[in-house]
Amino acid sequence: MTERTITMVEALREGLREEMGRDERVVLLGDDIGAAGGIFTVTMGLREEFGSGRVWDMPLAENGVVGVGIGAAIGGLRPVAEVQFADFLLSAMSQIVNEAAKLRYRSLGQWSCPIVIRAPYGAGLAGGPDHSQSVETLFAHIPGLKVVAPSTPADTKGLIKASIRDEDPVIFLEQKSLYHQRYGAVSDDEDYVIPLGRAIVRREGKDVSVITYGAMVFESLYAAEMLQREQIDLEIIDIRTLQPLDIDTIGESVSKTNKAIVFHEDTRFSGIGAEIAATIGEELFEFLDGPVIRLGAPFTPIPAKPSLEKEVIPNAAALANAVRRLSRY
Amino acid sequence: MTERTITMVEALREGLREEMGRDERVVLLGDDIGAAGGIFTVTMGLREEFGSGRVWDMPLAENGVVGVGIGAAIGGLRPVAEVQFADFLLSAMSQIVNEAAKLRYRSLGQWSCPIVIRAPYGAGLAGGPDHSQSVETLFAHIPGLKVVAPSTPADTKGLIKASIRDEDPVIFLEQKSLYHQRYGAVSDDEDYVIPLGRAIVRREGKDVSVITYGAMVFESLYAAEMLQREQIDLEIIDIRTLQPLDIDTIGESVSKTNKAIVFHEDTRFSGIGAEIAATIGEELFEFLDGPVIRLGAPFTPIPAKPSLEKEVIPNAAALANAVRRLSRY
Amino acid sequence: MQDVDADANIHRLQESFNTLDFSAQDALEMYRFMLLARLTDEYLADLRTKGLMNGGVSCKGHEAIQVACARELVIGTDYILPYYRDLALVIAMGMPLYDIFLNHLGSEKDPNSGGRMRPAHWSSRKLGIVSSSGVAATHILHAAGIAFAAQIRQSSAITAAFFGEGATSEGDFHEALNFAGIHRVGALFICENNGVALSTPQSRQMKVKHVADRAPAYGVHGMLIDGANVFAAASAIREAAARARNGGGPVLLEAVIPSQNKMHEQPEIYDPVYSLRTFLLQLGALTEAADKEMREACAQKIEEAYQLALSTDNTGIFAVQDYVYADNPAESPQENIQPEISFSIEETLPND
Amino acid sequence: MQDVDADANIHRLQESFNTLDFSAQDALEMYRFMLLARLTDEYLADLRTKGLMNGGVSCKGHEAIQVACARELVIGTDYILPYYRDLALVIAMGMPLYDIFLNHLGSEKDPNSGGRMRPAHWSSRKLGIVSSSGVAATHILHAAGIAFAAQIRQSSAITAAFFGEGATSEGDFHEALNFAGIHRVGALFICENNGVALSTPQSRQMKVKHVADRAPAYGVHGMLIDGANVFAAASAIREAAARARNGGGPVLLEAVIPSQNKMHEQPEIYDPVYSLRTFLLQLGALTEAADKEMREACAQKIEEAYQLALSTDNTGIFAVQDYVYADNPAESPQENIQPEISFSIEETLPND
Ligand SMILES: Cc1ncc(C[n+]2csc(CCOP(=O)(O)OP(=O)(O)O)c2C)c(N)n1
Ligand SMILES: Cc1ncc(C[n+]2csc(CCOP(=O)(O)OP(=O)(O)O)c2C)c(N)n1
Ligand SMILES: [Mg+2]
Ligand SMILES: [Mg+2]
């Protein structure tokens, strides 16, 4: 067992390959995932390795990909569906919310739907309004679903494997601008699995807790470096899974620092940050030295032009400012 | 100009009829809305009155209803689409979120999409997991959309008329257990229009602010009566519009009472209450005498059996308990 | 199906019967199920009228195609995805009447869904009945996926999804048929075309005359049958199932169901139960007396099942939050969901 | 379209030409637009290769059907819903090359969308080009709705939506065609079938051989044409547009586009620009010298437009949050969106 640095794409591919090798019920389905290896090359080589019975190139219909995947899960397989952009998951929303999320419940557990639905989400690649959306909160709101949004290659690998082994539908969201980063080392242990629903303290600190996930984890790390020089010590919590949400780890941190900022690239309005801030406000009311500050995108679609995109996506500088403001309390 | 008591269904029908009379671009489309008058009889008689060119019976395809409606809006009409249950709006999610919400933005205002999409939502009629959902927060999260959820017949009429006159897409959600209630009087003034984005103080009080909407408005009123006897005076804010959200009216109330409870039938986790509580916590931190408490459904689908449904939907008694708890601060 | 008179109709039943290797006994058994379903349906309607029963729609007129399917599919092996209209199907598949009444009562003891769903959303892992939602057409895609999974697992199971003609307007139908056609999966897409979706007539639902006319758009085999002729239906389903099971690919089978009006006005021609009865009397397989006896036996079974369901304690096996996720509760579901008291499959058959 | 040799191909162009009332001058004008589009496309590809330009896909091979459509539709009256492949269409409709470059540069001065969308999502209210998203097939439903709205408003405008064969797998396609068929709306559904969707060949996209084979499932008129033969395309579009405009209902028109491979290997047969050039030379409408001159004029126009776009200040007309809602900003949009400097429609035509 060794550790190497690999990209998030490689971590995904490795996770998928290992699980396909371990369990022959694991099948992949999606558009252009076979010979082409998917538009972000995640599944490259897997059809060659496992055959077209395990890697299904689908017609262009996301609702169909998910619906067929749900059927495959009912039929005894462990499908991992890829949708090319998370924005297109919206056409499969009824299948995901009314079907996958509720099958176990409505049949009293007679039937279940162990499907993983993977999709790249978020901004940073100039995709514009319909190729850059943060959809994670839409799904985290739905009982019956689990929602994962990793930031590092190691987490990605551990969490994709856990998601495939999970008995329930998992929406697995990959921040597309992180696909090629190599932050941290990744185990090649085939049983390196990270349980869903556990946040990680990405950086320990004593002054302010920053609760974040996805691409904003790295903005937080930059901000922490900047603020270090100002004698402000950030604790950074990467929630990793939005549903279930690890409120315990968040709570521990905030009861130590007594100050919290929630930080994500999704719109500030009604992002998962609202849930986190409201919970902190309600359960840790006595611990708080200042308001829980939320940072997120303004209430606008994401424009494609990089300079405009930068205007709407929050960053390390904005976080640092918010931290300074909060430090005054 | 007189005032009468009518039901929410009648208020809707009256609002639609008046707007159709006022502006011949207003057309209705949806399943079974013609001769059958819609499954909740909202459009009863309108095809007879205005003809089938103004009231379109659609094939069974909600994504199609919305997509055709968007086209009709582009083509110069003012469509009001009815979807039989809000749960089925989920199949039209891509059309709503990727198309209706973004058309104006992506074309720099060259094209726009003045459509109203009406649907009954929420619990109370034993509809079960896929006929009872609260979908309002999913849409309130989307830049470009407006979201309305009235509680009284008067508001329903004023808001449906405002929605039809609005230049942008409006998701108009009708709490289905309220369809036949007659709370309050309704004006027959054809220009009785309630601007979108304004909350209303449903009951003035000085001790605790309850921020709510939809069916929970009436549970709040019951709770207020109960608590009156205990010398606790509730102020009840009916937000009416989730997007835009009238944070000013909420703020005024909370800076007076210094105590706030957010109360809705949607799941507590990540409902609009999270946004409201987080905003109060952040902007009124200094005013708060106690935590902002959120009440909502547990994280489960809504079961059909009425006794089970009652177990998951919050009510006046639960609110009263929360108020008592908060009063101790 | 063009209009005919009563005699011509019986003649058609006879012709269809002849093409099958069915004995008179087989025919009688199918009649029994159709009758049992009809009487259960009427019993439920009556309870609803009296306000004693929750929603649910009638399967009247749909019995022949449904009972034919139950007979020709391999129950327990094949996957069946019914819609709310398929009462006769699930009865003929062997769902205990007791369970059906528990389900219609919305009882927490109902093994289908314990009061979570409205009535008529059946689920039985044992019978291969996949739990359906109340969202039209979504399950058509599931059927395509299940069938492809079976193909990948080299299972001989086929998959049958049932839906109305209205549901074919949904995108799910298109995406399902398209996928099924490409991969030639072993699925039967069975459309029970009763000409109307709530209030919407077929003419406002689609421009084509027959749902089966849509099959060529998917490279799928289309079949159009008289859904009220149980023998024609059985023969068609047998052919379609064999095709699907043997790698011949999916079938879109449209069973034309007579309108409620026609059935009401000319039951001797359009009512599948009525006309089958006439046929069996003419065939000599049934006598008026035997028919009366059979009806009484059915009625008694129904009454008993209803009373038993009524007397069953109607509260909690599971907490309302159970089964949102697998880890809540942790117990294996199959062991829990069968309530102690239940008819066996056989017991649902009416005695002679 | 079955394989042919180069001569037979020219012969076919001649035949199609003869069926139309086109003068040689008309043919030459279409050739000019095809050439201008081809050269613009190549210019853009070259910039992309050099890393000077954002995404966008090539319209190579699609020029004939697109230019034919621009000619046969009533620009400014009809509604056109292009997809990202339709560069030749929007050029031939009269979108200034300057705007095209601003759009491809993602400039905030781009009147199409001011840098909000990625390139190739055109929008021009003046030209009737409805802003398309990057979500395949959604606009097919919009076209059905626009066309029905026109019918209700008793307008003579027709609506044309363009899409690839891959997009026909989406539920939106089904729901759009179904609706359009029922109401016989005045819409043209134009499928540019190039046999592949990203990496997915048509055989994994659908079981049928032709997208037009799907028309009967909707009671819609289907047409199958050689999308590389500009005269056949113009003639088909003329017929289809007349039908749609005169209450004859919608048309699903499949234009078969030669594969990039074929075009590369045998351009004399499969490349629509190349073979049209050959035809015009044979017809005597074009000389080698005139062709060279025309190419140079096009190249110069392109270069000028690009340089002008490049030199245009590339920052803000509107704040990034404007136009999320109507009330933000309050000004009327039409007055604001046209930047001062712009070619007129005519100026995009290359000079002789
Ligand atoms: C997605 C969706 N839209 C609407 C409904 C409401 N609805 C219930 S039954 C029905 C009619 C269905 O007609 P059809 O498919 O012909 O079946 P039938 O009831 O006639 O057998 C409708 C529209 C639904 N259940 N699901
Ligand atoms: C809903 C949706 N799914 C996936 C994509 C990604 N995508 C972009 S182009 C394309 C291929 C479309 O193929 P086709 O419709 O044949 O058009 P072509 O590009 O071949 O002209 C895909 C899958 C998309 N834009 N929208
Ligand atoms: Mg029907
Ligand atoms: Mg293509």
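These figures come from a predicted structure and were not determined experimentally. Here is the naming used below: chain letters follow the sequence lines, and residue numbers restart at 1 for every chain.
In this structure, chain B has no heavy atom under 4.5 Å from any part of A:L326. Contact annotation for A:P298: neither backbone nor side-chain heavy atoms come within less than 4.5 Å of a heavy atom of chain B. Interface residue B:L242: only backbone heavy atoms are found under 4.5 Å from chain A.
Closest of all the heavy-atom pairs between A:P291 and B:G281 is CB-O, 3.6 Å.
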**Message:** Could you walk me through whether A:F269 and B:I272 satisfy the side chain to side chain contact (heavy atoms under 4.5 Å, CB included) test, starting with their C-alpha distance in whole Å, then the side-chain angles of each, then the deciding distance to 0.1 Å, before giving a yes or no?
**Reply:** CA-CA 9 Å; A:F269 188 96; B:I272 195 74; 3.9 Å; yes
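Counting heavy atoms from C-beta on, the side chains of B:F299 and A:I142 never come closer than 4.5 Å.
B:L288 meets the side chain to side chain contact (heavy atoms under 4.5 Å, CB included) test with A:F285, B:V254, B:I280, B:V292; sequence neighbours excluded.
Per-residue counts of heavy-atom pairs under 4.5 Å with chain A were compared for B:G128, B:A101, B:A140, B:A297; the largest is that of B:A140. For the set A:L89, A:L90, A:I276, the count of heavy-atom pairs under 4.5 angstrom toward chain B peaks at A:L90. Most heavy-atom pairs under 4.5 Å with chain B: of the set A:G144, A:A278, A:P143, A:A274, this distinction falls to A:P143. Between chain A and the options B:A92, B:P129, B:A277, heavy-atom pairs under 4.5 Å are most frequent for B:P129. Taking chain B as the reference chain and counting heavy-atom pairs below 4.5 Å, the highest number among A:A304, A:G290, A:G271 is found for A:G290.
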Short donor-acceptor separations (under 3.5 Å), chain A to chain B:
{"from": "A:D87", "atom 1": "O", "to": "B:N98", "atom 2": "ND2", "distance (Å)": "3.2"}
{"from": "A:N98", "atom 1": "OD1", "to": "B:Q133", "atom 2": "NE2", "distance (Å)": "2.8"}
{"from": "A:N98", "atom 1": "ND2", "to": "B:D87", "atom 2": "O", "distance (Å)": "3.1"}
{"from": "A:K102", "atom 1": "NZ", "to": "B:Q133", "atom 2": "OE1", "distance (Å)": "2.9"}
{"from": "A:Q133", "atom 1": "OE1", "to": "B:K102", "atom 2": "NZ", "distance (Å)": "2.9"}
{"from": "A:Q133", "atom 1": "NE2", "to": "B:N98", "atom 2": "OD1", "distance (Å)": "2.8"}
{"from": "A:H141", "atom 1": "ND1", "to": "B:F269", "atom 2": "O", "distance (Å)": "3.1"}
{"from": "A:H141", "atom 1": "ND1", "to": "B:S270", "atom 2": "O", "distance (Å)": "3.2"}
{"from": "A:H141", "atom 1": "NE2", "to": "B:D266", "atom 2": "OD1", "distance (Å)": "3.2"}
{"from": "A:H141", "atom 1": "NE2", "to": "B:D266", "atom 2": "OD2", "distance (Å)": "2.9"}
{"from": "A:D266", "atom 1": "OD1", "to": "B:H141", "atom 2": "NE2", "distance (Å)": "3.2"}
{"from": "A:D266", "atom 1": "OD2", "to": "B:H141", "atom 2": "NE2", "distance (Å)": "2.9"}
{"from": "A:R268", "atom 1": "NH2", "to": "B:E282", "atom 2": "OE1", "distance (Å)": "2.8"}
{"from": "A:R268", "atom 1": "NH2", "to": "B:E282", "atom 2": "OE2", "distance (Å)": "3.0"}
{"from": "A:F269", "atom 1": "O", "to": "B:H141", "atom 2": "ND1", "distance (Å)": "3.1"}
{"from": "A:S270", "atom 1": "N", "to": "B:E275", "atom 2": "OE1", "distance (Å)": "2.6"}
{"from": "A:S270", "atom 1": "O", "to": "B:H141", "atom 2": "ND1", "distance (Å)": "3.2"}
{"from": "A:E275", "atom 1": "OE1", "to": "B:S270", "atom 2": "N", "distance (Å)": "2.6"}
{"from": "A:E275", "atom 1": "OE1", "to": "B:R294", "atom 2": "NH1", "distance (Å)": "2.7"}
{"from": "A:E275", "atom 1": "OE2", "to": "B:R294", "atom 2": "NH2", "distance (Å)": "3.1"}
{"from": "A:T279", "atom 1": "OG1", "to": "B:R294", "atom 2": "NH2", "distance (Å)": "3.0"}
{"from": "A:E282", "atom 1": "OE1", "to": "B:R268", "atom 2": "NH2", "distance (Å)": "2.8"}
{"from": "A:E282", "atom 1": "OE1", "to": "B:R294", "atom 2": "N", "distance (Å)": "3.2"}
{"from": "A:E282", "atom 1": "OE2", "to": "B:R268", "atom 2": "NH2", "distance (Å)": "3.0"}
{"from": "A:E282", "atom 1": "OE2", "to": "B:R294", "atom 2": "N", "distance (Å)": "3.4"}
{"from": "A:E286", "atom 1": "OE2", "to": "B:Y329", "atom 2": "OH", "distance (Å)": "3.4"}
{"from": "A:R294", "atom 1": "N", "to": "B:E282", "atom 2": "OE1", "distance (Å)": "3.2"}
{"from": "A:R294", "atom 1": "N", "to": "B:E282", "atom 2": "OE2", "distance (Å)": "3.4"}
{"from": "A:R294", "atom 1": "NH1", "to": "B:E275", "atom 2": "OE1", "distance (Å)": "2.7"}
{"from": "A:R294", "atom 1": "NH2", "to": "B:E275", "atom 2": "OE2", "distance (Å)": "3.1"}
{"from": "A:R294", "atom 1": "NH2", "to": "B:T279", "atom 2": "OG1", "distance (Å)": "3.0"}
{"from": "A:Y329", "atom 1": "OH", "to": "B:E286", "atom 2": "OE2", "distance (Å)": "3.3"}

